[in-house]
Structure formats: C-alpha cells, structure tokens
Amino acid sequence: MAEVNPAEALISQFQVERLLNQDQHGRRISILGTIAGKQGILTAERAVFATESLEVLQAFHSAISRVTNLGVNDIYRWYMASSGGDDAKAHPPDLKLNLIWPCTDKHIKKYSAQLVRMVTETPETYRDYIRPYMSQQREEGRLNWIFNILEGKTEQEDVILKEPGTKPEDGFLMLPDLNWDRKTLGSLHLLALVERRDIWSLRDLKKSHIPWLRYLRQRLLDATVEMYPELEQDQLKLYVHYQPTYYHFHVHVVNVMLEAGSTQATGKAFGLENIISQLETLAGGDDASMADVSLTYFLGEENELWTNIFEPLKRGEKPRAQ
C-alpha cells in the first residue's frame, strides 16, 4: 500500500466550517475549517486552462457537457456548462460560455492577445477622425443586437428595469450583462441601455444632460438593490467605457467587490459620477460637452483606432481613411 504524504493527508482531514471569501470572479474561494481541533484556512483556486497544443484545446472542447443556453441575441449566445464530460453529471456547471457566431475580423482582433498603447484624444482628433469612424461603425449594422432589446424583440424576460422617462427620449432599460453568470452577486454585472439614439458615447454628453444623468444613476441604483436586496447602493459601481465596444450609450453596473480587470481599469472605465461632476465644471452653457475635452485611454495594437488613426499621428502622418 502506498504511503500517504503527511502534507497531502491534511486536505482530507480538513473539516469545513464556513466560506470566508470568494473572488477572482468566483474562481477562488477561502474556507475556514479545522484539522485535529485547530482552525485552518483552505484556499482553492481553479487551475488555468491548458493551452499548450491544438490537441489539448480539442480535448477541452470535447469534454464540454450539460450545455444550457441562457440567451440568444443576434450573433451573441451565452451558456452554462460542465467541463468534466460524463463524469460531471453529479456536479453543478463550472463553465460560463459565450459564443459569437458568425464572428467578424473585428471580433478576432478584439479577443486576440496584443500589446496596448496609451493615447490622448484631443477635441480636434475626435472631431476630425474619431467621430467619422464612429459613424461608419454605426452604419454597418453593429448595433442590431441592442436595437433588438430596445424594440422588445429579444431578451425581454431578462429586463430588470424598463423606465419610460419623463420624455420619450429619456427612457432606458437594464438587464444582466452577458458576461455575468446571473447568480454570483460578488461578480454582479448589469447593463443599462438608453432608448435615445443620439448619444453614441460619453463624448455626446452635454451640460444639459446632467439632470437626466442624475436621474438615470439613481434609478439604476434603486432598481438594482430592489432586485437584489442582499446589496446596498454603496456596494455598486457605475461606469461607462471609452472607447466603448459599440457606439450606443450604455452604463455598466457592477458590484464594487468585482475584481477590476482591464475593462474596469484606468484608461477604459470612466465613473458615471465623475462624468457628471466634470460636466458640471465645464465652462460654457448647456451645449458645453465632453466633446470639448481631451481624453486619455488605452487601445490594443490590433484596434483600428490605433492602426488607422493614432499610430499614423504618432509618426507625424495623416491618419488613413476608414
């Protein structure tokens, strides 16, 4: 009979008392327990995915089982699944899957590993190059999945809040973000989409929008804690992205305990309260806007804004046509 390593034997002797913490988007837990009457803490973290060869990736895919679809909207689909093949039947799903199909070259570039660069977008750069780029992206049908939600065609069963607003253009709705598993409150991630289509990004926000933004903020906080009473309003963080993935104004609502990855990093996420404050301090009347200030943020080197605009500007060249 093989001799049991004393250190390894301690794991089976651990008597679980309670959960201390869950972080890393739910992938790491710390448990309080005892061994031989003395307290100890056991931290478990899921191993990183093995990616050393195509065969390993194919084996991982082949082992995916118990796939349950959570939703479909245009080319986007999301699921819960298990990674253990037939052996996983007695265990809860341990995979959150997102499928983009059919995907575009832009999707491939976005999800590919790449270096990032910090850039400063002046009001002039925005006016001459970025705004025309945004317009082109909107004209290519990339907002269909958003309009499907706003027009009541998809995901209506997931809508947490649908607010008509005091005027037709002031309405908005909120639903779970496709990257959230819809059950782990520590990684809560909701998405608020505005009805109006004249605000493409934070650049379109004006001083005249301040009362609406304040109302939007408060209603999102109220609705979130009403839906999830375990949370309080000061446990929530509201932010917008710049550059956003798609050019229709939207607000992210997340648990402040959600560990900040690149999507919440400085140079990507702009706090909604800070945007309101900046608008309040802008010189000028109601038409003064975020288009009048310089913004610094990061871009991946595969991003068209880098390759077509900021990299040529860095070299002293004229940006390439989109």
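These values consider heavy atoms only, across backbone and side chains, with no hydrogens, waters or symmetry-generated copies.
- Judged by distance alone, the side chain of Lys237 and the main-chain N or O of Val253 form no donor-acceptor pair under 3.5 Å.
- How far CG of Leu213 is from CZ of Arg217: 11.0 Å, rounded to the nearest 0.5 Å.
- Annotation: side chain of Lys206 is not in contact with side chain of Asp286 (no heavy-atom distance under 4.5 Å).
- Annotation for Gln233: atom CD counts as buried by contact number, over 12 foreign heavy atoms lying within 6.0 Å.
- Residues Leu70 and Ile100 are members of one and the same hydrophobic cluster, defined by side-chain heavy-atom contacts under 4.5 angstrom among Ile, Leu, Val, Met, Phe, Trp and Tyr.
- Hydrophobic clustering, with ILVMFWY side chains joined whenever heavy atoms are under 4.5 angstrom apart, groups Leu190 together with Met227.
- We find that Arg142 and Asp74 are not joined by a salt bridge, their nearest charged nitrogen and carboxylate oxygen being 4.0 Å or further apart.
- For the pair Val225 and Leu236, the minimum side-chain heavy-atom distance is below 4.5 Å.
- To the nearest 0.5 Å, atoms CZ (Arg203) and CZ (Arg131) are separated by 10.5 Å.
- The shortest side-chain heavy-atom distance between Asp158 and Arg182 falls under the 4.5 Å cut-off.
- Relative ring orientation between Trp212 and Phe249 is described as tilted, the plane-to-plane angle lying within the 30° to 60° band.
- With respect to the salt-bridge test (charged N to carboxylate O, under 4.0 angstrom), the residues Asp181 and Lys183 do not qualify.
- Here the side chains of Tyr126 and Met134 are in contact, with some heavy-atom distance below 4.5 Å.
- Looking at Arg18, its side chain never comes within 3.5 Å of a backbone N or O of Val16 through a donor-acceptor pair.
- Using a cut-off of 4.0 Å between Lys/Arg side-chain N and Asp/Glu carboxylate O, Lys106 and Glu304 are scored as salt-bridged.
- Heavy-atom minimum distance, Gln156 versus Ile149: NE2-O, 2.9 Å.
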Test Ile199 against Leu205 for side chain to side chain contact (heavy atoms under 4.5 Å, CB included), laying out the working first.
-> CA-CA 7 Å; Ile199 302 180; Leu205 295 174; 4.0 Å; yes

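- Among all heavy-atom pairs drawn from Ala291 and Pro123, the shortest one is O-CB, 3.4 Å.
- At distances below 3.5 Å, not a single donor-acceptor pair connects side-chain atoms of Glu155 with backbone N or O atoms of Gly71.
- Considering every non-hydrogen atom in both Tyr79 and Leu99, the closest pair reads OH-CD2, 3.6 Å.
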For Gln278 and Asn274, run side chain to side chain contact (heavy atoms under 4.5 Å, CB included): C-alpha distance rounded to whole Å, both residues' side-chain angles, the deciding distance at 0.1 Å, then the answer.
-> CA-CA 6 Å; Gln278 188 167 4; Asn274 291 339; over 6 Å; no

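- When all heavy atoms of Glu301 and Thr307 are compared, the pair lying nearest together is O-CG2, 3.2 Å.
- Pro319 is not listed as a side-chain neighbour of Asn308, based on a closest heavy-atom distance of 4.5 Å or more.
- Glu302 places no side-chain N or O within 3.5 Å of a backbone atom of Gly300 that could act as its donor or acceptor partner.
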Show your reasoning for whether side chain to side chain contact (heavy atoms under 4.5 Å, CB included) applies to Trp180 and Leu258.
-> CA-CA 11 Å; Trp180 184 42; Leu258 177 62; over 6 Å; no

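- Atom CD of Glu121 sits about 8.5 Å away from atom OG of Ser294, to the nearest 0.5 Å.
- Across every non-hydrogen atom of His209 and Asp204, the tightest pair is CE1-O, 3.5 Å.
- Heavy atoms only, all atoms of each residue included: Asn303 and Leu305 are closest at OD1-N, 2.8 Å.
- Cluster annotation: Leu143 and Tyr133 are assigned to distinct hydrophobic clusters (Ile/Leu/Val/Met/Phe/Trp/Tyr, side-chain heavy-atom contacts under 4.5 Å, transitive).
- Rounding to the nearest 0.5 Å places CG of Leu191 at 5.5 Å from CG of Asp177.
- Summarising the local packing, CZ of Arg315 is surrounded by more than 12 heavy atoms from other residues, nucleotides or ligands at distances under 6.0 Å.
- Atom CZ of residue Phe14 and atom CD1 of residue Ile41 lie 8.0 Å apart, to the nearest 0.5 angstrom.
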Intermediate values then yes/no, side chain to side chain contact (heavy atoms under 4.5 Å, CB included), Glu280 and Lys207 | CA-CA 7 Å; Glu280 290 173 331; Lys207 293 188 77 168; 5.9 Å; no

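- Between Cys103 and Trp101, the closest side-chain pair of non-hydrogen atoms is not below 4.5 Å.
- Val251 and Leu178 fall into different hydrophobic clusters, where Ile, Leu, Val, Met, Phe, Trp and Tyr are joined by side-chain heavy atoms under 4.5 Å apart, directly or via other members.
- No cation-pi contact links Arg219 to Phe172, judged by a cut-off of 6.0 Å to the six-membered ring centre and 45° from its axis.
- With hydrogens and angles ignored, the 3.5 Å screen pairs a side-chain donor or acceptor of Asn73 with a backbone N or O of Trp145.
- Using modelled atom types, one side-chain atom of Asp94 and one backbone atom of Ser83 make a donor-acceptor pair closer than 3.5 Å.
- Ring planes of Tyr239 and His252: parallel class, angle under 30° (limits at 30 and 60°).
- Here the side chains of Leu57 and Thr51 are in contact, with some heavy-atom distance below 4.5 Å.
- One N or O on the side chain of Thr104 and one on the backbone of His107 form a donor-acceptor pair closer than 3.5 Å.
- Panel note: side chain His241, backbone Ser201; no donor-acceptor pair is recorded below 3.5 Å.
- Counting only distance, with no hydrogens or angles, the side chain of His248 and the backbone of Tyr246 share no donor-acceptor pair below 3.5 Å.
- Atom CG in Leu220 sits 10.0 Å away from atom CG in Leu173 (nearest 0.5 Å).
- The shortest distance between side-chain heavy atoms of Ser135 and Glu139 falls below 4.5 Å.
- Side-chain N or O atoms of Asn255 include none that pairs as donor or acceptor with a backbone N or O of Leu188 at under 3.5 Å.
- Tyr111 and Phe60 are assigned to two separate hydrophobic clusters, defined by single-linkage of ILVMFWY side chains at heavy-atom distances under 4.5 Å.
- The cationic group of Arg197 lies under 6.0 Å from the six-membered ring centre of Phe147 and within 45° of the ring axis, placing it in a cation-pi geometry.
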